[in-house]
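If you read the sequence from its start, that first residue is 1, and numbering goes on from there. Model, not experiment: these values are computed from the prediction.
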Amino acid sequence: QVEVVESGGGLVQEGGSLRLSCTVSGPGLNIFSMEWYRKPPELERESVARITNNNEITYADSVKGRFTISRGSAKNTMTLQMDNLKPEDTAVYFCNAKSGPSPLFSTDLWGRGTQVSVSP
């Protein structure tokens with residue numbers, strides 16, 4: 001059974017830092033890309049940062065220069081270093097991985113999320 005587990009959330013003051021981690025495990029994995037999403041209170045889920053197997057990285061404009069995404073050498077782990085956090089970064093953060101026989105025929109794998117709260 002495939003499992004996606006996030007960790008590293010918590011409560012931090014404005015200007016502080018947190019580091020989120022994600023590990024994907026299970027049989028038959030062939031991961032093409034991994035991505036962090038977040039869902040702020042009463043708002044829609046949004047993409048925060050994405051990284052492909054070719055290390056192509058994209059960030060949401062709201063986090064550029066503050067967040068850094070990276071993947072482990074085994075390609076089934078991902079981290080998100082979040083610096084200079086702002087209250088508007090408060091959200092549940094989700095790990096997403098796309099896995100399958102090819103990028104066009106891949107399945108979205110999701111974790112349950114980890115809460116990040118930033119106080120003013």
Run Leu29 and Lys75 through side-chain contact (heavy atoms from CB on, under 4.5 Å) and show every step you take. CA-CA 10 Å; Leu29 289 173; Lys75 302 297 184 184; over 6 Å; no
side-chain contact (heavy atoms from CB on, under 4.5 Å) for Asp108 and Lys98? Distances and angles first, verdict last. CA-CA 5 Å; Asp108 281 306; Lys98 288 180 168 46; 2.8 Å; yes
List the steps and the verdict of salt bridge (charged side-chain N to carboxylate O under 4.0 Å, His left out) for Asp61 and Lys64. CA-CA 5 Å; Asp61 288 342; Lys64 282 181 182 176; 3.0 Å; yes
Should Asn54 and Phe32 be marked as a side-chain contact (heavy atoms from CB on, under 4.5 Å) after you check the CA-CA gap, both sets of side-chain angles, and the distance that decides it? CA-CA 9 Å; Asn54 296 324; Phe32 294 100; over 6 Å; no
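The shortest non-hydrogen separation linking Tyr59 to Thr68 is OH-CA, 3.3 Å. Residues Pro101 and Phe105 come closest through the heavy atom pair CD-O, 3.0 Å. The two atoms that bring Gln115 and Ser117 nearest to each other are NE2-OG, 3.3 Å, heavy atoms only. Scanning all heavy atoms of the two residues, the minimum distance from Ile31 to Ala97 falls at CG2-CB, 4.3 Å. Heavy atoms only, all atoms of each residue included: Arg50 and Thr52 are closest at NH1-CG2, 3.5 Å. Considering every non-hydrogen atom in both Leu109 and Val24, the closest pair reads CD1-CG1, 4.1 Å.
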For residues 2-17, please give each side-chain donor-acceptor pair under 3.5 Å, one per line with the distance, not counting sequence neighbours.
unit_1, atom_1, unit_2, atom_2, d
Glu6, OE1, Arg112, N, 3.2
Glu6, OE1, Gly113, N, 2.9
Glu6, OE2, Cys95, N, 2.8
Glu6, OE2, Gly113, N, 3.2
Ser17, OG, Asp83, OD1, 2.8

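At least one side-chain heavy atom of Ile69 sits under 4.5 Å from a side-chain heavy atom of Met78. Between Val48 and Glu35 there is no side-chain heavy-atom pair separated by less than 4.5 Å. Using a 4.5 Å cut-off on side-chain heavy atoms (C-beta onward), Met82 and Arg66 make no contact. Side-chain atoms of Cys22 and Met34, non-hydrogen and from C-beta on, do get closer than 4.5 Å to each other. Contact check for Ser70 versus Gln81: no side-chain heavy atoms found under the 4.5 Å cut-off.
Judged as a side-chain hydrogen bond (donor to acceptor under 3.5 Å, both in side chains), and not counting sequence neighbours, Asn76 has no contacts. In terms of the salt bridge (Lys or Arg N to Asp or Glu O under 4.0 Å) criterion, Arg71 has no residue partners (sequence neighbours excluded). For Arg45, the salt bridge (Lys or Arg N to Asp or Glu O under 4.0 Å) criterion is met by no residue, not counting sequence neighbours.
Side-chain contacts under 4.5 Å among hydrophobic residues (ILVMFWY), followed directly or transitively, place Phe94 together with Tyr37, Val92, Trp110.
Linking ILVMFWY residues whenever their side-chain heavy atoms come closer than 4.5 Å, directly or via other members, places Ile57 and Leu80 in the same cluster.
At distances below 3.5 Å, at least one donor-acceptor pair connects side-chain atoms of Asn30 with backbone N or O atoms of Gly100. Remark: side-chain polar atoms of Thr79 are not paired, donor with acceptor, to backbone N or O of Leu20 under 3.5 angstrom.
Legend: disulfide (SG to SG under 2.5 Å) pairs involving residues 48-83, not counting sequence neighbours: none detected.
A distance of 7.5 Å separates CG in Asn53 from OG in Ser33, rounded to the nearest 0.5 Å.
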